[in-house]
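Basis for what follows: all heavy atoms, side chains included, without hydrogens, waters or symmetry-related copies.
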Amino acid sequence: PQRLFNLGQSLRQRYETSRSRVDFEAAVECYAEASVEPLGHPSARLMAAVRCVTMLSKNPDVVSPTILLQMCSRIVGILPEMVWLGHDVSRRYKESAEIHELVKNCAYTAVRAGALELAVEWLEEGRALVWSQVLSMREPLDDLADNYSELAQKLRDVTAKLQQSGYNQF
């Protein structure tokens, strides 16, 4: 996927200079192929899908909404592969915010294309991913409360504030 992504980048830059439809289609094809390449890191496939959607969105007169929705669907499909519970908490919070933003943009694209059911489906998938991340970051406080009750209460307060901010996101 990384090589296809790099080729797509080169073709996109050439398109920006030449404005040739052939260059545009070749760049989109490279990004699209990179996004489904099974042998590669999910982040490379996600980056390719995001660049493809960006390119397609900037040129709505050249492309059909169906292709744009297909690429957004790939983004949403790759996201679960990006979430890994083994990452540290700060990275998982960062990824949750990025997931939220990507899903929101894909849902916006679906709404603009009139695919309202798809927009709701993607928002629900994104919400489930973010909440699974947030819930997995909870730590049992029983042991901590037994030894350090004041610290446990502070942690409960911070957790409640984080949960409340999660409600405000969606």
Side-chain angles (χ1 to χ4, degrees), residues 1-137 166 169-170:
Q2 190 63 50
R3 288 184 182 149
L4 285 167
F5 175 80
N6 291 342
L7 180 57
Q9 289 287 86
S10 297
L11 290 165
R12 180 188 54 81
Q13 289 174 344
R14 191 166 80 181
Y15 166 72
E16 289 175 359
T17 303
S18 71
R19 300 313 253 182
S20 163
R21 186 172 175 98
V22 172
D23 292 337
F24 176 84
E25 290 173 355
V28 166
E29 185 177 335
C30 284
Y31 288 140
E33 285 182 36
S35 72
V36 294
E37 181 62 43
L39 301 174
H41 197 274
S43 63
R45 292 186 292 123
L46 180 63
M47 189 170 40
V50 168
R51 289 289 168 88
C52 188
V53 166
T54 301
M55 195 169 172
L56 292 169
S57 297
K58 288 181 178 180
N59 298 280
D61 53 316
V62 180
V63 68
S64 75
T66 305
I67 294 170
L68 188 55
L69 290 175
Q70 286 173 348
M71 291 309 302
C72 285
S73 182
R74 286 187 191 170
I75 289 173
V76 174
I78 295 169
L79 289 176
E81 296 177 52
M82 298 296 297
V83 177
W84 182 54
L85 299 178
H87 291 146
D88 63 33
V89 173
S90 62
R91 180 170 175 181
R92 289 165 52 200
Y93 273 115
K94 181 179 179 265
E95 287 176 350
S96 293
E98 291 169 357
I99 288 170
H100 168 72
E101 195 63 31
L102 287 170
V103 170
K104 182 178 74 171
N105 291 337
C106 288
Y108 173 75
T109 300
V111 168
R112 288 191 63 203
L116 302 180
E117 289 179 17
L118 194 55
V120 171
E121 180 183 324
W122 288 344
L123 287 171
E124 284 298 312
E125 287 180 36
R127 188 171 67 93
L129 278 172
V130 170
W131 273 109
S132 71
Q133 283 287 78
V134 170
L135 292 175
S136 72
M137 289 184 258
Q169 292 279 325
F170 291 95

Can you find a heavy atom in the side chain of W122 that is under 4.5 Å from one in the side chain of L79? no

Can you measure from CG (L4) to SG (C30) and round to the nearest 0.5 angstrom? 6.0 Å

Do M71 and L56 pass the side-chain contact (heavy atoms from CB on, under 4.5 Å) test, and can you show the C-alpha distance, the side-chain angles, and the key distance before you say yes or no? CA-CA 9 Å; M71 291 309 302; L56 292 169; 3.9 Å; yes

Atom CG of L39 and atom CZ of R45: how far apart are they, to the nearest 0.5 Å? 9.5 Å

After noting the C-alpha distance and the side-chain angles of H100 and R127, does the key distance pass the side-chain contact (heavy atoms from CB on, under 4.5 Å) rule? CA-CA 7 Å; H100 168 72; R127 188 171 67 93; over 6 Å; no

Nearest non-hydrogen partners of I78 and P42, listed with the distance: CG2-O, 3.6 Å

Measure across F5 and A48 and return the closest heavy-atom pair with its distance rounded to 0.1 Å. CD1-CA, 3.7 Å

Report the distance from atom CZ of F24 to atom CZ of R14, rounding to the nearest 0.5 Å. 14.5 Å

What pairs of residues pass the side-chain hydrogen bond (donor to acceptor under 3.5 Å, both in side chains) test when at least one of them lies in residues 24-37, not counting sequence neighbours? Q9-Y31, R12-Y31, R21-E25, S35-R74

A side-chain contact here means heavy atoms from C-beta on lying under 4.5 Å apart; do L46 and L102 qualify? yes

Rounded distance [0.5 Å steps], SG in C106 versus CD in E101: 10.5 Å

R51 vs M55, test: side-chain contact (heavy atoms from CB on, under 4.5 Å). Steps then yes/no. CA-CA 6 Å; R51 289 289 168 88; M55 195 169 172; over 6 Å; no

Hey, does the side chain of S73 reach the backbone of L69 with a donor-acceptor pair shorter than 3.5 angstrom? no

Any heavy-atom pair between the side chains of R112 and T109 that's under 4.5 Å? no

Which pair of non-hydrogen atoms, one from C72 and one from V53, has the smallest distance, and what is that distance? N-CG2, 3.9 Å

Please walk me through it: do H41 and Q2 pass side-chain contact (heavy atoms from CB on, under 4.5 Å)? CA-CA 9 Å; H41 197 274; Q2 190 63 50; over 6 Å; no

What's the shortest heavy-atom distance between P1 and G40, and which atoms? CG-CA, 3.6 Å

Looking at every non-hydrogen atom in both residues, tell me the closest pair between S18 and D23 and how far apart they are. OG-OD2, 2.7 Å

Out of curiosity, L11 CG to N6 CG, how far, rounded to the nearest 0.5 Å? 11.0 Å

Can you measure from OG1 (T54) to CG (N105) and round to the nearest 0.5 angstrom? 8.5 Å

Can you give me the closest heavy-atom contact between L68 and S57, atom names plus distance? CD1-OG, 3.7 Å

